[in-house]
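The structure appears below as structure tokens.
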Amino acid sequence: MAKWTPRHEAPEPLEGPVVATVTGGTILWFVLFLVQLPFYGWFDDRGQTWWVWTCLAGAGLGLIGIWYVRRRDAAIKRAAAQPDVPVTPSAE
């Protein structure tokens with residue numbers, strides 16, 4: 001089996017409102033957790049409590065994501081403020 005190699009360069013990553021996107025996703029996961037919480041007994045009777053805990057885990061990981069993207073955004077802004085350092089937000 002031949003190894004697959006790309007024929008062209010990968011596109012630059014899209015930049016956008018990353019902090020707002022991660023924050024919105026985190027809020028959505030937490031709201032889903034709160035909506036499912038009153039039905040915990042129903043989920044437990046059917047052995048499906050993982051639905052509830054998945055939403056809580058998504059909210060918890062989202063909090064870590066918010067911390068991460070806020071620090072990343074601040075680092076990009078600091079680098080842009082220094083005139084002699086080129087700004088390249090892509091990972092190398």
Side-chain angles (χ1 to χ4, degrees):
M1 178 190 251
K3 180 180 175 186
W4 180 83
T5 56
R7 295 184 181 150
H8 54 79
E9 299 246 351
E12 289 293 318
L14 296 175
E15 290 295 326
V18 180
V19 176
T21 303
V22 174
T23 302
T26 302
I27 291 169
L28 181 63
W29 279 113
F30 190 68
V31 166
L32 288 172
F33 169 72
L34 292 177
V35 167
Q36 291 179 355
L37 201 55
F39 303 102
Y40 186 83
W42 184 87
F43 285 111
D44 193 32
D45 291 343
R46 288 156 182 78
Q48 301 290 320
T49 56
W50 65 269
W51 283 86
V52 178
W53 301 121
T54 298
C55 293
L56 185 61
L61 290 172
L63 290 174
I64 295 169
I66 291 169
W67 172 79
Y68 178 82
V69 296
R70 288 185 70 202
R71 286 183 49 113
R72 177 184 177 269
D73 194 40
I76 290 171
K77 287 178 182 173
R78 272 194 315 272
Q82 296 176 352
D84 60 337
V85 178
V87 178
T88 55
S90 61
E92 294 182 33

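Along the sequence shown, the residues carry numbers beginning at 1.
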Residues clustering with L61 (ILVMFWY side chains joined when closer than 4.5 Å, directly or via others): I64
Could you tell me the separation between the [atom1] atom of [X] and the [atom2] atom of [Y], rounded to the nearest 0.5 Å?
{"X": "I66", "Y": "T21", "atom1": "CD1", "atom2": "OG1", "answer": "11.0 Å"}
{"X": "R78", "Y": "R71", "atom1": "CZ", "atom2": "CZ", "answer": "7.5 Å"}
{"X": "D44", "Y": "T49", "atom1": "CG", "atom2": "OG1", "answer": "6.0 Å"}

Could you see if [X] belongs to whatever hydrophobic cluster contains [Y]? Use Ile, Leu, Val, Met, Phe, Trp, Tyr and a side-chain cutoff under 4.5 Å.
{"X": "W50", "Y": "V35", "result": "no"}
{"X": "I27", "Y": "L63", "result": "no"}
{"X": "F33", "Y": "F43", "result": "yes"}
{"X": "W29", "Y": "V31", "result": "no"}
{"X": "W51", "Y": "L34", "result": "yes"}

Minimal non-hydrogen separation, V19 against R70, with atom names: CG1-CG, 3.9 Å
Where at least one partner belongs to residues 52-67, residue pairs that pass side chain to side chain donor-acceptor pair (under 3.5 Å), sequence neighbours excluded: none
V18 vs D73 side-chain heavy atoms within contact, under 4.5 Å: no
CZ/R46: more than 12 non-hydrogen atoms of other groups inside 6.0 Å: yes
Any residue meeting side-chain contact (heavy atoms from CB on, under 4.5 Å) with L28, in chain and number order, not counting sequence neighbours: L32
